[in-house]
Amino acid sequence: MSFSKNSDKIYTENSVKFDFNKDLLFNKNKALQFSLLEKLFYYSLFLLPVGLLFGEVPTSISEIIVVIFWLSSQKWKNFSYAFKNQYFWLLSSLFLIHIIGLLYTTDFDYALNDLRIKIPLILFPIIFFTTSLSKNFVVNFLKWFSIVVFINLSFLFFHQKFFSQEISDTRNASIFISHIRLGLITAFSIVCTAYLIINYLQSIKEKVLFIILGIITLLLMLSLGLMTGIFTLLITTFFAIIYMILSNSNRIYTTIISVSTIIFIISMFFYIQNIYKKYFPNINSHSSNNNKLVSQYTENGYIVFDNINEPQLKKEWEKRSKIPYDGKDKKNNDLKYTLFRYLTSKGLPKDSFGLAQLTEKEITDIENGYPNYHYVNASFLEKRIYELIQEYNYFKISKDPNGKTIVLRLFYWNIAFKIWMKNFWFGVGTGDVPSAYKTEYQNYQNIHSDAQLRAHNQILTYALTFGIFGLIIILLSYFYPLFTLSNSEDYLLFFMFSIITFISYLIDDTFETQPSVTFFAIFNTLLIKFCLENSKEKLL
């Protein structure tokens, strides 16, 4: 949307007509003030991607600034037209059901804090459905979003390489927001970059610039080990290719994207295969322990729980480290088991002789929680792949879900489903989710207290919180726009975002942190509104 310098013209916003002569230009100073505030409002929206990528406080600040300029530019006058829009109510229902859930909750402290976090679910439908979104604005907003993601990842990469201590847990590479959320945001930024290059960037220079930006963003995602983002990008691209084929999209672009995806998948396959061979070689290692389960715990092909002389290890370890032998390493794991694994990974005996072979640097690595000497110099991606393989192998042997990311998620889903079944119709209410989990976990004493978490599944969270009605609302808010906006020229971008959203729903409590819910609310509302305002004119 833009203001006309010609005072005789009329502009349209959400089917609302303002006559500049009659409504604004009768007072020249008022008109100039309104125009400036209007521009400031649109500029303030560009703060949102910056805020959500740099944590909760910047997210809140950017939202407050947007609200101030939204009020100042008198967008609230379009409330009545937003209320007539079915999509506005559909999206707002994700928040409004939390208000209804207050009627039968008991923990109002938690409920009010939960409502505070969920404010973006109602805030951005109000803001965007009372605002005209020109194609030029949305394109520039998506460009800026892709650039901000690139800057964020670049900062994290250089911070880790040159300014921070060794990070033993790959999930700590993201210092501002959750590594899962960062991965999903990065995947969407790459999708946006590709979409803009194909559909909207006209000059060769700009295309080349964003191609380079997209490639570097992908490489940064790989180097930071954002596994969620990598697999989300692959799944999203797969469905996008199917859509492009079925909709008879441009064959050249479809072929390029398909071939690039196949090459990437093949490369990842061989990369993972090499990691597996590196950490799990076929070494003819025999255990003196007759316990078959114990003999299957290995590091680099060597058996971990074999030939261990704990008295010698404890005596020599406490001569060389301030961390007690029976204490915890910096990843909060039992240090002695980290020591067992590290010595094993080097093929050394677990006794005073083996410990004497370690350098001071290696002692520090063990204190930092590195269980394998390969792990120390590995990339974040290699570390994360190794962790996932080890988690699966150890669960297969021990059947203990503690500390196993994928297995625990399945367990959390089961817990959430049981809570829902006990409160099928209306759920436990907005504020009683923590107490419901606390009660249910009393039946699972084998799960460590620090691992007694929530569903990590937004669909199940809505079901257990608000019952069958909550489940209907979250599914309707997802699928209704997906099926009814298919005639929009920019439907493919919304379709790809919806795939990312659904993955997010399945693996995370998407609405439980402010940056997470803000990311969803901004782009889901923005793209739905954008699709509504654009006619069918496919370029892809």
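In this text, all values refer to a predicted model and were calculated from it rather than measured experimentally.
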*List in chain and number order the residues that pass ring-ring contact (aromatic ring centres under 6.0 Å, His included) with F79, two or more places apart in sequence or in another chain; answer none if no residue qualifies.*
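ring-ring contact (aromatic ring centres under 6.0 Å, His included) list for F79, sorted by chain: W70, F83.
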*Establish, for the pair K84 and Y81, whether the NZ or CZ atom is under 6.0 angstrom from the six-membered ring centre and no further than 45 degrees off its axis.*
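Output yes; distance and angle both within limits.
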Assert yes or no for the condition that the ring centre distance of [X] to [Y] is strictly below 6.0 Å.
X    : Y    : value
F145 : F46  : no
Y195 : F494 : no
W420 : F424 : yes
F239 : F502 : no

*Partner set under side-chain hydrogen bond (donor to acceptor under 3.5 Å, both in side chains) for T261, not counting sequence neighbours*: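 Once residues adjacent in sequence are excluded, T261 has no partner under the side-chain hydrogen bond (donor to acceptor under 3.5 Å, both in side chains) criterion.
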*What closest approach, in Å, do G51 and S62 show between heavy atoms, and which atom pair accounts for it?*
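It is CA-OG, 4.1 Å.
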*Show your reasoning for whether ring pair (Phe, Tyr, Trp, His ring centres under 6.0 Å) applies to F519 and F523.*
CA-CA 6 Å; F519 168 67; F523 287 99; 5.4 Å; yes
_Pair S516, T510: side-chain N/O donor-acceptor within cut-off below 3.5 Å_ =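 Distance-only check fails for S516 and T510.
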*Would you call F124 and L526 a side-chain contact if the rule is heavy atoms closer than 4.5 Å?*
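No, every pair of side-chain atoms sits at 4.5 Å or beyond.
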Could you go through residues 462-480 and list every donor-acceptor pair under 3.5 Å that involves a side-chain atom there, pairing it with any protein atom two or more places apart or in another chain?
unit_1: Y462; atom_1: OH; unit_2: L94; atom_2: O; d: 2.6
unit_1: T465; atom_1: OG1; unit_2: T461; atom_2: O; d: 2.6
unit_1: S477; atom_1: OG; unit_2: I473; atom_2: O; d: 3.2
unit_1: S477; atom_1: OG; unit_2: I474; atom_2: O; d: 2.9
unit_1: Y478; atom_1: OH; unit_2: S498; atom_2: O; d: 2.8
unit_1: Y480; atom_1: OH; unit_2: Q86; atom_2: OE1; d: 3.0

*State plainly whether the residues E533 and K135 are in salt-bridge range, i.e. N to O under 4.0 Å.*
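Judged by the 4.0 Å cut-off on N to carboxylate O distance, E533 and K135 do not form a salt bridge.
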*Determine, for E512 against R454, whether the closest basic-nitrogen to carboxylate-oxygen distance falls under 4.0 angstrom.*
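Yes, charged N to carboxylate O under 4.0 Å.
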